[in-house]
Amino acid sequence: MPQREKKSIKLLCFESSCDDTSVAVVEGEIRDEIPSLVSLSIQNQNDLHSKYGGIVPELASRAHLENLIPCLKKVLHESRYKLEDFDAFAATGLPGLTGSLLIGHTAAKLLSMLYSKPFLSCHHLQGHLMSIFLEHRPSFPFLALVVSGGHTSLFLVRSFDDFEEIGVTLDDAAGEAFDKGAKLLGLGFPGGAYLEKLALGGDVNRYPFPQVTTEDLNFSFSGIKSEMVRCVNREKEKLNRSDAAAGYQNCIIDHIVEKIKIALKKYHLNRVAVVGGVACNQLLKQRIKDLQTKGVIESFFAPKPEFCTDNAAMIGVLAFRKYQNQNFSSLDSDVGYTKRPKLKRLQRG
Ligand code: KG4
Ligand code: ZN
């Protein structure tokens, strides 16, 4: 590995909110807006949960325990830092599965205690927002869509540290809808990527899926999902799975893109970023690029797949900014859902 110039602030960061165990080392100077990513390791648990068709929380926590040390050893080796070299330790504190969150959070807290260094408890959704800055530097303000297995929200991002949730799903998250649709079609878990593959070449018009049309900025995927249940039960062995996948995916993406268009207009924005696991979806990215081609937006940003799904690099960016602002967390801080941040203009109905 080539020699690199070491920076003065070095952070060790953990992400274990759901079923991906991830550890990252980031470093930067106090004047830097965003740190550099030095090393990242991610261990997913897809094989473990796929036979159950969904995440089993108890198994997820146990797997985090097994995966954490190998992930940690890998980033220490790659970064050539020792535990005592770090200036602070960070971990995702919420939201997520309690048993899973506790693994990374407790590891970071213990290291902070052991080396008398600050502890930084981070919000998973803010982390996803920060994942954009690992590779891109969009001008502010811009619209950010966080679209993952657990969350679907629109944010108005005014600066690195000033963002507002302007829309949220009222039921399922988009990734959850992909996963449930995939399960109904007998695909593996997590189902988003499988469903996308099955949909390739499928006829989007063969099975009608309902268009969700409301003028507010909130999402709803339960009607689309119910239609998939009806379709599978009605068609039985006659079902063309590829056409069903294509129609279903198209309907989910249509709904998301409609909400993006409403938000752009309402807030006079012309830049869009998409983050979270569903940001890996090619059709979603293509449909937003089409907005750019048509001149509706001037630019569009999405992280590479490794930074879309859960990872500790995004937590590193957030932790670095918290460190700069001396926004340290107490060693007594707990994991779990607390009041959601900056949820000022949530619109319902
Ligand atoms: O961000 P993430 O790793 O976890 C959460 O914070 O929830 O996102 C995982 C979700 C899963 O629901 C998965 O099916 C979905 O992202 N996903 C996709 C694709 N790749 C991953 N959904 C649609 N198309 C994809 N290509
Ligand atoms: Zn996530």
Side-chain angles (χ1 to χ4, degrees), residues 13-22 24 40 42-46 49-50 53-55 57 60 64 91-97 100-101 104 122-132 134 144-153 155 168-169 171-185 187-200 202 219 221 224-225 228 245-246 248-257 273-288 302-315 317-318 337:
C13 311
F14 297 86
E15 154 63 43
S16 67
S17 63
C18 193
D19 61 337
D20 291 307
T21 316
S22 181
L40 171 66
I42 306 173
Q43 179 60 57
N44 73 44
Q45 306 176 6
N46 294 348
H49 300 289
S50 60
I55 294 161
H64 280 305
T92 306
L94 81 160
L97 300 170
S100 289
L101 286 164
C122 294
H123 194 286
H124 185 74
L125 282 192
Q126 289 182 26
H128 271 301
L129 279 179
M130 291 293 133
S131 69
I132 275 294
L134 285 161
L145 170 74
V146 181
V147 71
S148 72
H151 312 279
T152 299
S153 295
F155 286 87
V168 69
T169 182
D171 41 56
D172 290 347
E176 206 176 345
F178 267 102
D179 293 343
K180 287 178 180 168
K183 193 172 177 181
L184 286 163
L185 294 174
L187 301 170
F189 177 85
Y194 293 112
L195 193 138
E196 178 174 23
K197 205 165 158 209
L198 182 64
L200 282 175
F219 301 86
F221 298 99
I224 306 172
K225 198 182 62 191
M228 183 61 123
Y248 186 72
Q249 172 178 249
N250 195 53
C251 190
I252 292 174
I253 304 297
D254 264 352
H255 182 48
I256 295 173
V257 174
V274 182
V275 298
V278 183
C280 296
N281 187 278
Q282 296 300 330
L283 182 66
L284 174 62
K285 287 194 275 198
Q286 187 52 53
R287 295 286 296 280
I288 302 174
K304 62 180 175 182
E306 191 183 19
F307 296 154
C308 285
T309 48
D310 291 347
N311 68 85
M314 66 188 197
I315 299 303
V317 179
L318 175 59
Y337 279 96

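Atom set for the values below is all heavy atoms of this structure, side chains included, hydrogens, waters and symmetry mates excluded. Just so we're clear, the structure is a prediction, and the values are computed from it rather than from any experiment. Start at 1 and go down the list; that is how both ligands and their atoms are numbered.
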Do the side chains of [Y] and [X] get nearer than 4.5 Å, heavy atoms only?
X    : Y    : answer
S100 : D19  : no
T21  : Q45  : yes
Y248 : I224 : yes
I132 : P303 : yes
F189 : I55  : yes

Non-hydrogen atoms of H124 versus ligand 1: any pair closer than 4.0 Å?
yes
If the contact criterion is a heavy-atom separation under 4.0 Å, does C18 count as touching ligand 1?
no
Any nitrogen or oxygen of [X], side chain or backbone, less than 3.5 Å from one on ligand 1?
X    : answer
E176 : no
P190 : no
H151 : no
F178 : no
T309 : no
G276 : no

For ligand 1, does [X] get within less than 4.0 Å through its side chain, its backbone, both, or neither, judged by non-hydrogen atoms?
X    : result
H128 : side chain
C308 : backbone
D179 : side chain

Among protein heavy atoms, which sits nearest to [atom], and what does the distance come to when rounded to 0.1 Å?
atom                    : value
atom 21 (C) of ligand 1 : G277 O, 3.3 Å
atom 24 (N) of ligand 1 : N281 ND2, 3.0 Å
atom 10 (C) of ligand 1 : G149 N, 3.4 Å
atom 22 (N) of ligand 1 : G192 CA, 3.4 Å
atom 26 (N) of ligand 1 : E196 OE1, 2.8 Å

Parallel, tilted or perpendicular: which one describes the rings of F221 and H255, with boundaries at 30° and 60°?
perpendicular
Among T152, I42, D310, which one has a heavy atom closest to atom 3 (O) of ligand 1?
D310
Is there an N/O/S atom in H128 at a distance below 2.8 Å from the Zn ion (ligand 2)?
yes
Is any N, O or S atom of H124 under 2.8 Å away from the Zn ion (ligand 2)?
yes
Testing I315, L94, D310, L125 one by one against S17 for a side-chain contact (heavy atoms from CB on, under 4.5 Å), which residue passes?
D310
Hey, which of V257, N281, I256 is the one that makes side-chain contact (heavy atoms from CB on, under 4.5 Å) with R287?
V257
Reported CG-to-CE distance for the pair L129 and M314, which is rounded to 0.5 angstrom
9.5 Å
Between NZ of K285 and CD1 of I253, what distance do you get to the nearest 0.5 Å?
11.0 Å
With a distance cut-off below 6.0 Å to the six-membered ring centre and an angular limit of 45° from the axis, does K197 pair with Y194 as a cation-pi contact?
no
The Zn ion (ligand 2) -> D310, closest N, O or S atom is OD1
Whether the E15 and T92 side chains hold a donor-acceptor pair (N or O, under 3.5 Å, no angle test) is what I'd like checked.
yes
